[in-house]
Amino acid sequence: MTSTKPSSTAPKPTESAPAAALHVGTSDPRTLIMNNLRQSGIFVALVVIVALFAFLTDGLSLSPGNITNIVLQYSYILVLAIGMVIVIIGGHIDLSVGSVVALTGAVSAVVVIRQGHPWWLGVLAAIAVGLAVGAWHGFWVAYVGIPAFIVTLAGMLLFRGLTLRVLDNISLSPFPAEYNRIAAGFLNGLIGGDGYDAFTLLIGGIAVAGYVVSCFRTRVARIRYQQPVESFALFVARMALVGAVVMYFAWQLANARGLPIVLIILAVLVLVYGLLTRRTVFGRQVYAIGGNLSAAMLSGVKVRTVNFWIFVNMGFLSAVAGIIFSSRSNGAQPAAGNMFELDAIAAAFIGGAAVTGGVGTVVGAMVGGLIMAVMSNGMQLMGVDQSMQSVVKGLVLLVAVAFDVYNKRRAGANR
């Protein structure tokens, strides 16, 4: 496995890195795009799809109300995509997440609705069940050695059956208002605003500022070790474009119902798991296992332990998604979560994860999930038949995987 630490022959950091950051780099957009084809292609695709459906729906897809609905309707898929991309990076797959979403939502409904306990106790019960499910899968995959495909396929059947048993084949509703606010509540009017929510705009501004600072620090670090970056003019243009998009998104939310609580939950998860995968030993070990299992074992990585916690984490995020979905639905149904695993897997692959493992990012999975969400929402607004929507989603997934295969062949040919 190739070490990520600078070797003794690596270029030494320069003392004037911040100043150099204003002058060093290439200005050729084509070179930058081709050098980062896997990730840049995802963002280009998202922009194109958003623009296409904005045109086809006469701007309805970008209205404040519809943008809010996209956040509320697809947040649980994005939560699942975070866990799924980590599973895929580790070289595994999880087919059970839809059933686990149903089971955790059912347990929460039984605790809160049927037994009359406080709403927060239902949340804790759902998370406990999710962690137990993840530990169950992790045991069979990591310590018994059964492939994750088989273990989670069995889990898909097992936990769907348990959901039916827990609910006695009937739906339970409604949840109390506090539980319902998890996925359907908004923060509005905290600091005022004339016809809009100023707090939402403030959060958007903080997000943009944090993104700019993070990107500038990354740029300085790369220049310090003489790695290629874009020219400063292009860097500024990219920051301005991202800032404009985020603030437009925040403005639309501010003019609708304010900042969705579920969006805050999702943002926290993205930040935490982005740091977990990029800045921690555990994250590097997951990439190492998925990229080259033999090399990881020879390097001293405790493969069994890492694989176990990969699935425990997936169980936890499935429980979070189950809480969000049951809150959004204001109840629990035996058929909840049907096909959710396929949406999460599609989001991860469209977002740049490699079929063979070792490649993928949390941000990429989020973009992949947004592509699926915008497509589904846009086709619904256009009145496209459900069968045709499935055809389009299947073709998009196929193209995404073909794109991954093309990238690998291209990389191999350039060696």
Side-chain angles (χ1 to χ4, degrees), residues 76-108 124-166 269 272-273 276-277 282-283 285-290 293 296-297 301-326 336-349 353 355-358 360 362 365:
Y76 44 87
I77 297 298
L78 296 179
V79 171
L80 289 175
I82 295 173
M84 189 63 72
V85 76
I86 295 175
V87 170
I88 292 173
I89 290 169
H92 306 291
I93 202 73
D94 193 335
L95 301 178
S96 69
V97 294
S99 296
V100 180
V101 165
L103 178 60
T104 53
V107 169
S108 184
L124 293 179
I127 291 176
V129 169
L131 292 172
V133 168
W136 169 265
H137 286 156
F139 169 76
W140 290 105
V141 174
Y143 295 105
V144 179
I146 302 176
F149 180 88
I150 301 299
V151 171
T152 58
L153 179 60
M156 179 175 67
L157 302 173
L158 171 63
F159 299 120
R160 180 63 64 181
L162 285 178
T163 300
L164 297 175
R165 296 283 294 181
V166 168
L269 290 175
V272 169
Y273 281 94
L276 177 72
T277 53
F282 175 78
Q285 290 177 339
V286 172
Y287 279 98
I289 291 172
L293 178 59
M297 295 175 66
V301 175
K302 296 180 179 178
V303 174
R304 288 183 176 181
T305 302
V306 174
N307 281 333
F308 176 80
W309 287 107
I310 285 175
F311 283 95
V312 171
N313 176 70
M314 186 72 253
F316 166 73
L317 289 175
S318 297
V320 174
I323 293 165
I324 292 173
F325 183 74
S326 59
N338 191 31
M339 303 293 285
F340 281 13
E341 57 276 346
L342 299 186
D343 287 335
I345 292 169
F349 283 138
V355 179
T356 53
V362 171

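As the structure is a prediction and not an experimental result, all values here were calculated from the model.
Judged as a side-chain contact (heavy atoms from CB on, under 4.5 Å), and not counting sequence neighbours, the contacts of L342 are M339. Listed by chain and number, the residues in a side chain to side chain donor-acceptor pair (under 3.5 Å) with N307 are H92 (sequence neighbours excluded). Residues passing the ring-ring contact (aromatic ring centres under 6.0 Å, His included) test with F349, sequence neighbours excluded: none. For V166, the side-chain contact (heavy atoms from CB on, under 4.5 Å) test picks out L103, A106, V110, with sequence neighbours left out. Every residue meeting the side-chain contact (heavy atoms from CB on, under 4.5 Å) condition with A135, not counting sequence neighbours, appears here in chain and number order: F308, V312. Evaluation of the side chain to side chain donor-acceptor pair (under 3.5 Å) rule for Y287 yields no partner, not counting sequence neighbours. For L78, the side-chain contact (heavy atoms from CB on, under 4.5 Å) partners two or more places apart in sequence, or in a different chain, are L266, M366, L370.
Between V85 and T277 the shortest side-chain heavy-atom distance does not fall below 4.5 Å. Taking 4.5 Å as the limit, some side-chain heavy atom of V286 sits within range of a side-chain heavy atom of V306. Side-chain atoms of L158 and W136, non-hydrogen and from C-beta on, do get closer than 4.5 Å to each other.
Minimum heavy-atom separation, A347 to A81: CB-CB, 3.9 Å. The shortest non-hydrogen separation linking I93 to V87 is N-CG1, 3.6 Å.
Note: I82 CD1 to I77 CD1 = 12.0 Å, rounded to the nearest 0.5 Å. Between atom CG of residue L131 and atom CE of residue M314 there is a gap of 12.0 Å, rounded to the nearest 0.5 Å. Taking CD1 of I310 as the reference point, atom CD1 of I88 lies at 11.5 Å (rounded to 0.5 Å). Atoms CG and CG, from D343 and L80 in turn, are 9.0 Å apart once rounded to the nearest 0.5 Å.
Using bins of under 30°, 30° to 60° and over 60° for the plane-to-plane angle, the ring pair F340/Y76 lands in the parallel bin.
Among residues at least two apart or in separate chains, side chain to side chain donor-acceptor pair (under 3.5 Å) pairs with a member in residues 308-319 are Y273-N313. Screening residues 137-166 for side chain to side chain donor-acceptor pair (under 3.5 Å), with sequence neighbours left out, gives no hits.
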Acceptor/donor pairs from residues 94-101 side chains to any protein atom, 3.5 angstrom cut, sequence neighbours excluded:
residue: D94; atom: OD1; partner: S96; partner atom: N; Å: 2.9
residue: D94; atom: OD1; partner: S96; partner atom: OG; Å: 2.7
residue: S99; atom: OG; partner: M156; partner atom: O; Å: 2.8

